[in-house]
Structures are given as C-alpha cells and as structure tokens.
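So that the names make sense, note that chain A is the first sequence line, chain B the second, and so on, each numbered from 1.
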Amino acid sequence: MEIKGSDITQLVHGAENMSSTQRKELGRALCIITGASRGFGRTVARELSRLVKPGSVLILTARSEENLRSLEVELAGSEAGKSGLLVQCVPADLAQMAGLQSVVSASRAAFSEHIDHVILVNNAASLGDVSRFTSSFTDMAEVDSYLSLNVTSCLCLTARLLQALPPRSGLCRSVVNITSLCALQPFKSWALYCTGKAAREMMFKVLAAEEPDLRVLSYAP
Amino acid sequence: MSDINSTNPRTLGRGICIITGASKGFGQALGYQVSRSLEPRSVLLLVARSGPLLQEMKEELQSATEEQQLVVHCVAVDLRTKEGVDETVRVARQEAVDEIEHVLLINNAGSLGDIAKFETFTNPDEVNSYLSLNVSSPLALTAGILKLCPCRPGLRWSVVNLSSMFALQALPSWVLYCTAKAARNMMFSVLAKEQQHVKVLSYSPGPMDTDMQKEILRLTNVNHNPMPCHESAAKLMKLLLDNNFSSGAHLDFFDV
C-alpha cells in the first residue's frame, strides 16, 4: 500500500501538535519496526528511511530472515543508505523470550548519544481465523497463542525497549501501535483480531496515561 | 422466563446456571441470589478452585436445594487449565436436560494481576498467564457452554461478562487489568453481534468488599469505598430478571 512521507510525519507528531512541532524529518533516529519483512511494515521501513537524518539506525525485525535481508539490501542501496543510514536485521519470533531479547540487545547496541529520537513501530500481528464464530474457540491453547503474539509480545517488547532506552534530555521517544477499526468496533467472526486489537488499544492508552513525555500513537492504516 | 402476572415473582426459569469464581466474593453472593430465582429442578454449577469452600456453600444452599429441588454441583477446577474448562463443560452438558428453559453463564472468575508501571511488564510468561486466565479461559468456557444443547424455541441463553469501568477507561499502572477487561468487552461484543439468540451482558459491578478489593488497597493504598457484594449482585439479578438490556451492552452498577 502506498504511504506518503507526510503521513509518516503526521504519524509521529500527532495532528493536534502539528502547528508547533511539525517537522520535515524525524531527527537522528533509532527506529525499531516489527513485522518489517513485508506488507505495511516493509513500507513503513522504506518511508522512515527517507525521513530520518544520516547516522540514524533502522532495526528491522520479523521471522523471515530472507525477506528482511532483501529489504536490508534495498535500503543499503538507497539514497538514505548511501548517506549514512544503518540498517540492521534481527530475525526473531517475538512470541519467544529469546526473540524479544535479541531485538532489545540490537537496539541497545545501536543506540548512542547522537540519537535524538527513538521510534518503535509495533506492526507485527496476525489475523487469526476470521471465518469462525466466537463459539468455536473451545481450545484455550489456540487463543493463548494468538494473544501471545498479538498482545503479550507487543507489551513486553515495548516495556523492554522503554527500559533499555530510558528518557533523557533531548531524546524524543515515540511508540506506535498499528491498529484497526476492529479495535473499536466488533465484527462478526473476527473475535480474535478484534479482541487482540481492543486489548492493544487499551494497553497503549494506559501507557500514554502513565508517560506524558512519551508520544504514543495508535494508527489504523 | 419473566412472568407478567404481578402476583407471581419473576424468575430465571428452569435453568442451568454456571457461575465461575463462585466460592467467594461477588460470585458467591450471586450464587445465593440466583439460587432463589431459579425455578424447581434447576441446576446450579458453582465453579472455583477451592473444593472445601464450594462444598460449604453447597451446604448453605441446602434449604434451597430441598424446597426448590435445586441441584447444586461443586466443580472444583482451575480455569487456567484446559482440563478445568473442559470439566466444567462436561458437568454442564450432563445436566442440560431437554426441559431446560434457560442456560445462564456468569463469567466472574478473574484476577487483578500486578499493579505496576507498564515498563515493568518485561516477562512474557507473566503476561501470557494473566491473559490466559482472564481472556482465553472465559472465551473457551463460553464457547463450550454455548454448545451445550441445540437452540430451540423456549430456550433462553444468557452470558454475563464481569467487567469493570477499567474496560473502558485507562488507569496508570493497571495495564494488565485494563487490557484484559477491554479484551473481554470486545470479545463479548463480537459474540453478541454473531448470535442473535444469546443475550450478552458486560456488567461492571463497582467496587465491592472482596479479596480483590483488599488486594487493590494493599497495592495502591486507595480505598474505593467498596459496597457489600450482595448489593451489586442484586442489581445484576434485576438486569437479568428484567431482561431488557440490549445484547452486547456494557452496564455499570452506578448507571443502572
């Protein structure tokens, strides 16, 4: 899907603050994008690469190493790549502790005092079986597994990164939750997806209420 | 079924009622009230982890059992496990005879979780375990109970989700509880959309004098002026007996 650069800038600065803090670029940023190997995540990675200053770092994570590497090559060869954008792939299953740890370690290692913006894009997600009614979910393990990827991994990754990259003067931290209308409105046979998105919606509202200096955006593409 | 004749009290009909977290607090208070509103030869399934507490409750319901021919089953299981959910459904299925007029499921069992800042929740095992009890379990149980018997005219289905104002409103340091309650609210809203014959109610009971409230006081030092459980249970009973709520609604004790 086509994302315009301006959409991404709005993404991070929020409509209500546009007049006072509208910028044309996102600073020297450390961006962590989950589900970056294809679809929306891949596009967001490309768009962010064009909006960050040289010396920025993109941490791209997904399960598919092959797809991540092809994106890495593409970005390395792009204008941004040639001007000093660092791209790092971290193949990981975020539903596993080891996966979370590897993304956080890479992020911590990539961070430096020159970074003035941290952007986390929580994009990785799954649809769940949208052909089945709520009354068919008699298997707890299936539901557990769905929530583990779509809710838990998102909460824990965000929590770990916020701890690993704590607030400091001159550092802006932005957290994005890629969401859907399904977070707000129930749809027949979309129980898992709606439930997961509604959970995330609330989760990030709590985060925003706790941390007034953190920029938190739930964006439905 | 609601009786329009004003000289007869309204009842929940001859039903099978399943209440989770029935051994104490709100679940227990509701159990007592429900027992008085079920017609003869109804079945009440009290589900909780503590066998002894459930047994005590069953004994206290002895008079109802005799006078009203109420069958009470204690189902001592851990609803965090597949075995616990399956066993509950199995016992319910055994009791769901042809003449049942009402299947009423009260998803009350739940936990508070740790109250702490968002960024402390770095352990996926802790979060997964919390979501499993508070989201996956009521979903799987509800799905199992909805398959108890085929739909037919004259058979009423009611599913209650014990909710909270924090299903709708974010509260700092309450990420686990808010997230699970928001998830449940959506989950039961989807169910309401899908199944026209099932009436689904998300009920926010308000602060009550339960172990959970004691835990809230201990962890946050905030006193929410809890009311006795029976007071909130009575309001839920009225909602169920009136049966005027729109399916999928989220109703709060203070608004009703």
Side-chain angles (χ1 to χ4, degrees), chain A residues 94-97 99-100 104 132-148 151-164 166 182-211 214, chain B residues 79-82 84-86 89 117-132 135-147 166-195 198 200 248:
Chain A
L94 296 174
Q96 303 299 322
M97 193 90 81
L100 290 177
V104 175
R132 287 160 52 198
F133 284 165
T134 309
S135 55
S136 73
F137 291 104
T138 50
D139 180 5
M140 259 177 83
E142 180 183 11
V143 185
D144 284 346
S145 171
Y146 185 83
L147 296 175
S148 175
V151 183
T152 302
S153 71
C154 184
L155 169 49
C156 293
L157 179 65
T158 305
R160 284 174 179 234
L161 285 171
L162 290 175
Q163 278 198 10
C182 290
L184 308 175
Q185 216 174 289
F187 288 95
K188 286 188 205 179
S189 81
W190 286 59
L192 292 185
Y193 191 74
C194 285
T195 298
K197 289 309 191 198
R200 290 164 66 120
E201 174 84 14
M202 174 56 81
M203 194 164 105
F204 285 104
K205 279 205 171 104
V206 172
L207 178 60
E210 282 183 28
E211 306 286 339
L214 195 59
Chain B
L79 289 169
R80 287 172 298 192
T81 68
K82 174 184 163 58
V85 173
D86 289 350
V89 174
K117 295 204 79 135
F118 184 107
E119 66 174 57
T120 63
F121 292 99
T122 55
N123 183 354
D125 291 340
E126 180 187 3
V127 181
N128 280 329
S129 171
Y130 185 79
L131 295 176
S132 190
V135 185
S136 308
S137 177
L139 175 50
L141 178 62
T142 302
I145 295 296
L146 288 175
K147 291 176 147 66
F166 301 117
L168 309 175
Q169 200 183 303
L171 187 58
S173 296
W174 286 60
V175 66
L176 288 188
Y177 189 78
C178 288
T179 297
K181 288 306 192 196
R184 289 164 65 121
N185 188 28
M186 174 56 81
M187 191 166 101
F188 286 103
S189 297
V190 172
L191 175 63
K193 272 227 135 127
E194 289 168 354
Q195 308 264 23
V198 180
V200 182

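- Partner of A/Leu147 under the side-chain contact (heavy atoms from CB on, under 4.5 Å) criterion, chosen from B/Thr179, B/Leu139, B/Leu131: B/Leu131.
- Contact annotation for B/Val85: only side-chain heavy atoms (C-beta onward) come within less than 4.5 Å of a heavy atom of chain A.
- The contact between B/Leu146 and chain A is made entirely by side chain atoms (from C-beta outward), counting heavy-atom distances below 4.5 Å.
- Heavy atoms closer than 4.5 Å to chain B are found in the side chain of A/Leu100, but not in its backbone.
- At a 4.5 Å heavy-atom cutoff, the contact between A/Ala183 and chain B is made by backbone atoms alone.
- Heavy atoms only, all atoms of each residue included: B/Leu171 and A/Val206 are closest at O-CG1, 3.5 Å.
- Once rounded to the nearest 0.5 Å, the distance linking NZ of B/Lys82 with CD of A/Glu142 reads 11.0 Å.
- The closest donor-acceptor contact from the side chain of B/Lys147 to the backbone of A/Ser135 lies under 3.5 Å.
- For a residue to count as touching a neighbouring chain, one of its non-hydrogen atoms must lie under 4.5 Å from one of that chain's; by this rule A/Gln185 touches chain B with the backbone only.
- In this structure a side-chain-to-backbone donor-acceptor pair under 3.5 Å is missing from A/Glu210 to B/Lys117.
- In this structure, the portion of A/Phe187 lying under 4.5 Å from any heavy atom of chain B is its backbone and not its side chain.
- A/Gln163 and B/Thr122 are not linked by any side-chain donor-acceptor pair at a separation below 3.5 angstrom, with hydrogens and angles left out of the test.
- B/Glu119 and A/Arg160 are not joined by a salt bridge, as no carboxylate oxygen comes within less than 4.0 angstrom of a charged side-chain nitrogen.
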